Colleague: 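Here it is, the structure in full.
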Amino acid sequence: MNIPFLGNWRKKRGPAFGVAVLSDGAVDAEGVAELLAECDLLRSQAELAGVELDDSVASLEALDQLLPRWRDDEESLPWLGNDAGLYVGTVIVRTVPGAVWQVWPNGHPVVLLTSGREIDVVASGQTWASSGEPELSQLYAEVAEG
């Protein structure tokens, strides 16, 4: 369907990037973690390729080995990047002791390590989806050892 004003709107604003978690008060950490772990688009792409996303480091390595067919689809690329970032963040939060999701005041989720370092996993996922670097398993290894 050709909707002229929509095409113009997209040209002015560009594609949507990022994800936001908004709250009207107290944040339910478990609820936020479950919401961020969904990653439906990435999970469906992985399933089509025969990769099971079980929140393990091995699944990150398997994702790094997928042929990046999604790079041809400008519409889904940013969403897949979001999902990849949220997925690697989920693996970090579930397997690195002390790592937790933190939501910035603007709603942007990051992973907070016990050292106080904040990891913008969504930005890393965007970069991975568009170029393959850094590999998700490499990002995890850097976070886990530091």
Side-chain angles (χ1 to χ4, degrees), residues 1-24 27-96 99-113 116-146:
M1 179 184 293
N2 185 13
I3 305 173
F5 74 87
L6 187 57
N8 292 334
W9 183 86
R10 284 186 179 149
K11 285 178 189 172
K12 289 180 189 173
R13 289 167 182 78
F17 290 103
V19 63
V21 177
L22 302 177
S23 171
D24 59 356
V27 175
D28 171 20
E30 282 186 39
V32 168
E34 289 302 314
L35 176 67
L36 296 176
E38 287 181 4
C39 313
D40 291 335
L41 181 59
L42 181 68
R43 289 183 188 278
S44 67
Q45 291 283 328
E47 185 178 329
L48 289 172
V51 173
E52 180 185 355
L53 299 185
D54 59 0
D55 301 342
S56 69
V57 179
S59 66
L60 295 175
E61 293 167 354
L63 283 172
D64 287 335
Q65 300 305 311
L66 290 180
L67 290 174
R69 291 184 170 92
W70 57 81
R71 290 189 189 138
D72 296 332
D73 185 357
E74 289 184 29
E75 292 283 323
S76 67
L77 185 63
W79 299 108
L80 190 72
N82 286 336
D83 279 7
L86 295 176
Y87 183 71
V88 73
T90 296
V91 174
I92 292 168
V93 167
R94 291 187 176 165
T95 61
V96 174
V100 295
W101 284 108
Q102 180 175 357
V103 180
W104 288 344
N106 67 357
H108 187 76
V110 296
V111 173
L112 178 64
L113 304 177
R117 181 177 168 204
E118 292 177 330
I119 311 297
D120 188 350
V121 290
V122 173
S124 295
Q126 291 283 347
T127 305
W128 174 83
S130 62
S131 70
E133 295 292 331
E135 290 183 338
L136 300 177
S137 58
Q138 177 186 352
L139 175 63
Y140 176 87
E142 290 171 7
V143 168
E145 74 178 32

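Please read all numbers here as calculations on a predicted model, not as lab measurements.
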Colleague: Show the nearest heavy-atom pair for residues S137 and D64, with the distance to one decimal.
Modeller: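 Closest approach of S137 to D64, heavy atoms only: OG-OD2, 2.6 Å.
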
Colleague: To check you understand the geometry: which heavy-atom pair defines the closest contact between S59 and D54, and what is its length?
Modeller: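 Nearest pair, atom of S59 first, then D54: CB-OD1, 3.5 Å.
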
Colleague: Between R94 and E30, does at least one N-O distance fall below 4.0 Å, as a salt bridge requires?
Modeller: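 E30 and R94: not salt-bridged.
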
Colleague: Assess whether atom CD of E47 is packed by more than 12 heavy atoms of other residues, nucleotides or ligands within 6.0 Å.
Modeller: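 Not buried by this count: 12 neighbours or fewer within 6.0 Å.
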
Colleague: Can you see whether Q65 engages E61 through a side-chain donor-acceptor pair at a distance of less than 3.5 angstrom?
Modeller: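 There is no such pair (donor and acceptor under 3.5 Å, judged by atom type) between the side chains of Q65 and E61.
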
Colleague: Can you name the closest pair of heavy atoms from L36 and T90 and give their distance?
Modeller: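 Here L36 and T90 meet closest at O-OG1, 3.9 Å.
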
Colleague: So, do C39 and L53 sit near enough that their side-chain heavy atoms are less than 4.5 Å apart?
Modeller: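 No. Closest side-chain heavy atoms not under 4.5 Å.
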
Colleague: Do H108 and V103 come within less than 4.5 Å of each other through their side chains, counting heavy atoms only?
Modeller: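 H108 does not reach V103 side chain to side chain.
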
Colleague: Taking C-beta and beyond as the side chain, do L42 and W70 meet within less than 4.5 Å on heavy atoms?
Modeller: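 Of all side-chain heavy-atom pairs linking W70 with L42, none is under 4.5 Å.
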
Colleague: Determine the minimum heavy-atom distance between L63 and Y87, stating which atoms define it.
Modeller: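 Distance-wise, the nearest heavy atoms are CD1-CD2, 3.8 Å.
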
Colleague: Please find the pair of heavy atoms, one from E135 and one from W128, that lie closest to each other, and give the distance.
Modeller: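 In terms of heavy atoms, the two residues are closest at CA-CD1, 4.0 Å.
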
Colleague: Which pair of heavy atoms, one from A99 and one from L113, lies closest together, and at what distance?
Modeller: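 Residues A99 and L113, closest heavy atoms: CB-CD2, 4.0 Å.
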
